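Here the structure comes first, spelled out in structure tokens, and everything after it is commentary.
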Amino acid sequence: MDHSALVELVSADLSQSVSKMLVEMGSEDGQRFAKKALVEFSQQALSGAPRVGSMDISTFTDGERYALAQASAIVLATIQADASKPQ
């Protein structure tokens, strides 16, 4: 799988998870929790951790780990943009 496809796939999965959090926890608490989780997700992926959340990434290449972190950053930026929109 190429880098762009992996970023897109992981971004979609993370977006779905974040949406679920927002519904279950409410907008404010969900956003706060999601932001923290996305930052941790990125840090773990880039640090060489064998697991990120429930995913076993022990065999991932550095490029694949970077794609996970990049996907997390995209979702985090989307949350930030949504939160800053006037309601």
Side-chain angles (χ1 to χ4, degrees):
M1 179 178 290
D2 77 340
H3 182 85
S4 297
L6 182 58
V7 169
E8 189 175 319
L9 179 67
V10 174
S11 294
D13 189 49
L14 289 173
S15 293
Q16 186 177 22
S17 295
V18 167
S19 294
K20 188 175 179 181
M21 274 186 237
L22 295 175
V23 169
E24 291 175 357
M25 302 174 89
S27 181
E28 192 173 309
D29 288 338
Q31 282 184 16
R32 188 172 36 256
F33 183 79
K35 288 175 185 178
K36 182 179 179 195
L38 288 165
V39 169
E40 287 178 15
F41 184 92
S42 291
Q43 289 174 333
Q44 289 174 347
L46 293 174
S47 73
R51 297 191 72 76
V52 173
S54 62
M55 294 174 27
D56 178 2
I57 62 167
S58 60
T59 61
F60 278 31
T61 66
D62 287 344
E64 290 166 332
R65 288 174 176 277
Y66 179 76
L68 293 180
Q70 186 178 9
S72 182
I74 290 168
V75 175
L76 183 58
T78 302
I79 292 171
Q80 291 287 99
D82 288 345
S84 65
K85 286 182 185 175
Q87 299 291 320

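Just so we're clear, the structure is a prediction, and the values are computed from it rather than from any experiment. Numbering of residues begins at 1 and proceeds along the displayed sequence.
Residue Val75 comes nearest to Ser11 through the heavy atom pair CG2-O, 3.6 Å, listed as atom of the first residue, atom of the second, then distance. What you find for Leu22 and Gly30 is that their closest heavy atoms are CD2-C, 3.5 Å. When all heavy atoms are compared, the tightest approach of Ala69 to Ser42 is O-OG, 3.4 Å. For Ile57 against Ala45, the heavy-atom pair with the smallest separation is CD1-CA, 4.1 Å.
To the nearest 0.5 Å, atoms CD1 (Ile74) and CD (Glu8) are separated by 9.5 Å. Of the inter-residue distances, the one linking Arg32 atom CZ with Ser27 atom OG reads 10.0 Å to the nearest 0.5 angstrom.
Applying the 6.0 Å contact sphere to CD of Glu40 captures more than 12 heavy atoms from other residues, nucleotides or ligands. Crowding of Gln70 atom CD: a count of heavy atoms from other residues, nucleotides or ligands under 6.0 Å exceeding 12.
At least one side-chain heavy atom of Leu38 sits less than 4.5 Å from a side-chain heavy atom of Ile79. Looking only at side-chain heavy atoms (C-beta outward), Val52 and Phe60 stay at 4.5 Å or farther from each other. Between Arg51 and Gln44, every side-chain heavy-atom pair lies at or beyond the 4.5 Å cut-off.
Following chains of ILVMFWY side-chain contacts shorter than 4.5 Å, one cannot reach Phe41 starting from Met25, and the two form parts of different hydrophobic clusters. Hydrophobic clustering places Val39 together with Val18 (ILVMFWY residues linked when any side-chain heavy atoms are closer than 4.5 Å, directly or through intermediates). In terms of hydrophobic clustering, with Ile, Leu, Val, Met, Phe, Trp and Tyr side chains grouped at heavy-atom distances under 4.5 Å, Leu76 and Leu14 are assigned to a common cluster. If you chain together hydrophobic residues whose side chains sit under 4.5 Å apart, Leu6 and Met55 fall into the same group.
Neither side chain, Asp2 nor Ser4, offers a donor N or O lying under 3.5 Å from an acceptor on the other.
Under 4.0 Å is where a charged nitrogen must lie from a carboxylate oxygen, and between Arg65 and Asp62 no such pair does.
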